[in-house]
Trainee: 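Got a structure for you, questions after.
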Amino acid sequence: TDKTGTLTRNEMTVVEVWTPAGPLDLADPATAAEVMRSAVLCSTGRLVRTDGGLRGVGDPMEVALHALALRAGVTDLPPVTRRFPFDPARRRASAIADGRLHLKGAPDAVLPLCGRVPGAERALTEMSERGLRVLAVAVREDPVGDTAAEVERDLTLVGLVGLEDPPREDVAEAIEKCRRAGVKLAMITGDHPATARAIAAQVGLLGPDGLV
């Protein structure tokens, strides 16, 4: 079984943001403006206003990023001149705007491109162990190159973003019914192993050996 949208609701909310200067207090969303500006520039999912109120359009994760960006006051974005969309090989997406590369992706696909950032690995582990889906957000000044491989290097980490995606209420019961019927279950996810372990524990899927 897939995790996101199957075991979980696919209703994401940004609940934590860490920067190289330390964790941010999201009670004041404006503190996250720099991180969220870059995260939204390399995203296409948006929270849009309709006659019935606000509605998410596109990837729910990117909609959640845009929601916090709006709360942080990030509304006037420069035009994107080039995009390098997400693909499962790179596990990241980037865009060039204002002569700067803005990038987000799986931490293990982004952090090695940033050099050593004190505290980043520990923050990633702690956020993941709480069951959060974590994205790394980075930038590069004056990117030069024609391909993603050429421009997505020599990055500066601006932050780690932790998103909460609660389990579906009926998942634990369904898992128990499968077990009673002799059905073996495995969860497949592209998230950090610690995130996978935490979600599996929450829904009763994690076995006594804790295998991930």
Side-chain angles (χ1 to χ4, degrees), residues 1-29 31-32 34-36 38-39 43 59-65 67-68 86 88 90-93 103-138 155 157-176 178-179 184-212:
T1 175
D2 185 29
K3 178 183 76 65
T4 303
T6 304
L7 299 183
T8 65
R9 299 179 192 170
N10 206 17
E11 297 173 357
M12 299 189 189
T13 305
V14 177
V15 294
E16 291 187 32
V17 177
W18 179 91
T19 73
L24 302 181
D25 181 2
L26 296 186
D28 178 8
T31 60
E34 180 185 3
V35 179
M36 302 318 299
S38 289
S43 301
D59 185 283
M61 178 190 66
E62 296 187 341
V63 171
L65 298 174
L68 179 57
F86 177 89
R90 288 166 36 250
R91 301 181 66 215
R92 52 185 182 260
L103 178 146
K104 73 175 189 305
D108 61 348
V110 177
L111 293 180
L113 304 177
C114 299
R116 185 176 178 275
V117 182
E121 290 291 347
R122 180 176 179 179
L124 169 61
T125 299
E126 292 177 350
M127 294 166 78
S128 299
E129 287 177 345
R130 289 193 289 277
L132 301 183
R133 184 175 187 176
V134 184
L135 291 174
V137 181
L155 303 176
L157 182 72
V158 293
L160 299 175
V161 178
L163 300 103
E164 185 176 58
D165 183 15
R168 292 181 181 272
E169 294 177 358
D170 57 350
V171 163
E173 181 183 357
I175 288 174
E176 183 55 32
C178 287
R179 285 211 169 109
K184 293 182 179 181
L185 292 175
M187 178 175 72
I188 302 173
T189 178
D191 283 344
H192 190 281
T195 302
R197 181 180 286 107
I199 295 297
Q202 290 176 33
V203 300
L205 179 60
L206 192 66
D209 55 1
L211 176 65
V212 176

Trainee: Identify the two heavy atoms, one from P29 and one from L68, that lie closest to each other, and give their separation to 0.1 Å.
Mentor: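 Smallest heavy-atom distance, with atoms named: CB-CD1, 4.2 Å.
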
Trainee: Determine, stepwise, if the pair S38 / K104 fulfils side chain to side chain donor-acceptor pair (under 3.5 Å).
Mentor: CA-CA 8 Å; S38 289; K104 73 175 189 305; over 6 Å; no

Trainee: Rounded to the nearest 0.5 Å, how far does CZ of R168 lie from CD of E173?
Mentor: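 Reported to 0.5 Å precision, the distance equals 14.5 Å.
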
Trainee: Restricting to non-hydrogen atoms, name the atom on T8 and the atom on D165 that form the minimum distance, rounded to 0.1 Å.
Mentor: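 Reported closest heavy-atom pair: OG1-OD2, 2.5 Å.
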
Trainee: Please determine whether a side-chain nitrogen of the Lys or Arg among D191 and K3 lies less than 4.0 Å from a carboxylate oxygen of the Asp or Glu.
Mentor: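 The answer is yes: the pair qualifies as a salt bridge.
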
Trainee: About how many Å separate SG of C178 and CG of L185, when rounded to the nearest 0.5 Å?
Mentor: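 Reported value, rounded in 0.5 Å steps: 4.5 Å.
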
Trainee: Are the side chains of I175 and M187 in contact, using a 4.5 Å heavy-atom criterion?
Mentor: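 Side-chain contact under 4.5 Å: no.
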
Trainee: When you compare the side chain of L155 with that of L103, does any pair of heavy atoms fall below 4.5 Å?
Mentor: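 The answer is yes, as the side chains (C-beta and beyond) meet within the 4.5 Å cut-off.
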
Trainee: Return the minimal non-hydrogen interatomic distance between V110 and A138, and the atom names on each side.
Mentor: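 So the minimum-distance heavy-atom pair works out to CG1-CB, 4.1 Å.
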
Trainee: Does A109 offer a backbone N or O that forms a donor-acceptor pair with the side chain of R92 under 3.5 Å?
Mentor: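 Checked: pair present.
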
Trainee: Over all heavy atoms of both residues, which pair between L7 and V171 is shortest? Give the atoms and the distance, please.
Mentor: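 Where L7 meets V171 most closely, the heavy atoms are O-CG2, 3.4 Å.
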
Trainee: Which value, rounded to the nearest 0.5 Å, describes the distance between L24 atom CG and T31 atom OG1?
Mentor: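 Answer for the CG-OG1 pair, L24 versus T31, is 4.5 Å.
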
Trainee: Using every non-hydrogen atom in the two residues, find where M127 and G162 come nearest and quote the distance to one decimal.
Mentor: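 Closest heavy-atom pair between M127 and G162: CE-N, 3.3 Å.
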
Trainee: Can you see which heavy atom on D59 is nearest to which on M61, and at what distance?
Mentor: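 Closest pair (atom of D59, atom of M61, distance): OD1-N, 2.7 Å.
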
Trainee: Do I188 and T1 touch side chain to side chain, with heavy atoms closer than 4.5 Å?
Mentor: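 SC-SC contact between I188 and T1 ruled out.
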
Trainee: Which residue pairs satisfy the side chain to side chain donor-acceptor pair (under 3.5 Å) criterion with at least one member in residues 112-126, sequence neighbours excluded?
Mentor: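 Counting only pairs at least two positions apart or across chains, the side chain to side chain donor-acceptor pair (under 3.5 Å) contacts touching residues 112-126 are R122-E126.
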
Trainee: Nearest 0.5 Å, please: how far is CG in L206 from CG in L211?
Mentor: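 Going from CG on L211 over to CG on L206, the span is 8.5 Å.
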
Trainee: Is the closest side-chain heavy-atom distance between L163 and T13 below 4.5 Å?
Mentor: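 SC-SC contact between L163 and T13 ruled out.
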
Trainee: Determine, stepwise, if the pair V134 / V161 fulfils side-chain contact (heavy atoms from CB on, under 4.5 Å).
Mentor: CA-CA 5 Å; V134 184; V161 178; over 6 Å; no

Trainee: Taking side chain as C-beta onward, heavy atoms only, is E164 less than 4.5 Å from M12?
Mentor: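 Heavy-atom side-chain distance check fails, nothing below 4.5 Å.
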
Trainee: Residues two or more places apart in sequence or in another chain: which of them pass side-chain hydrogen bond (donor to acceptor under 3.5 Å, both in side chains) with R90?
Mentor: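 side-chain hydrogen bond (donor to acceptor under 3.5 Å, both in side chains) list for R90, sorted by chain: D87, E152.
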
Trainee: Would you confirm whether R197, through its side chain, and E129, through its main-chain N or O, come within 3.5 Å as a donor-acceptor pair?
Mentor: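 Between the backbone of E129 and the side chain of R197 there is no qualifying donor-acceptor contact (under 3.5 Å).
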
Trainee: Considering only heavy atoms from C-beta outward, does the side chain of L124 approach that of L160 to under 4.5 Å?
Mentor: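 When only atoms from C-beta onward are counted, L160 and L124 do touch, with a gap below 4.5 Å.
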
Trainee: Output side-chain donor-acceptor pairs under 3.5 Å for residues 16-23, partner residues at least two apart or in another chain, one line each.
Mentor:
unit_1	atom_1	unit_2	atom_2	d
E16	OE1	R130	NH2	2.7
E16	OE2	R130	NE	3.0
E16	OE2	R130	NH2	3.0
T19	OG1	A21	N	3.2
T19	OG1	G22	N	3.4
T19	OG1	G22	O	3.0

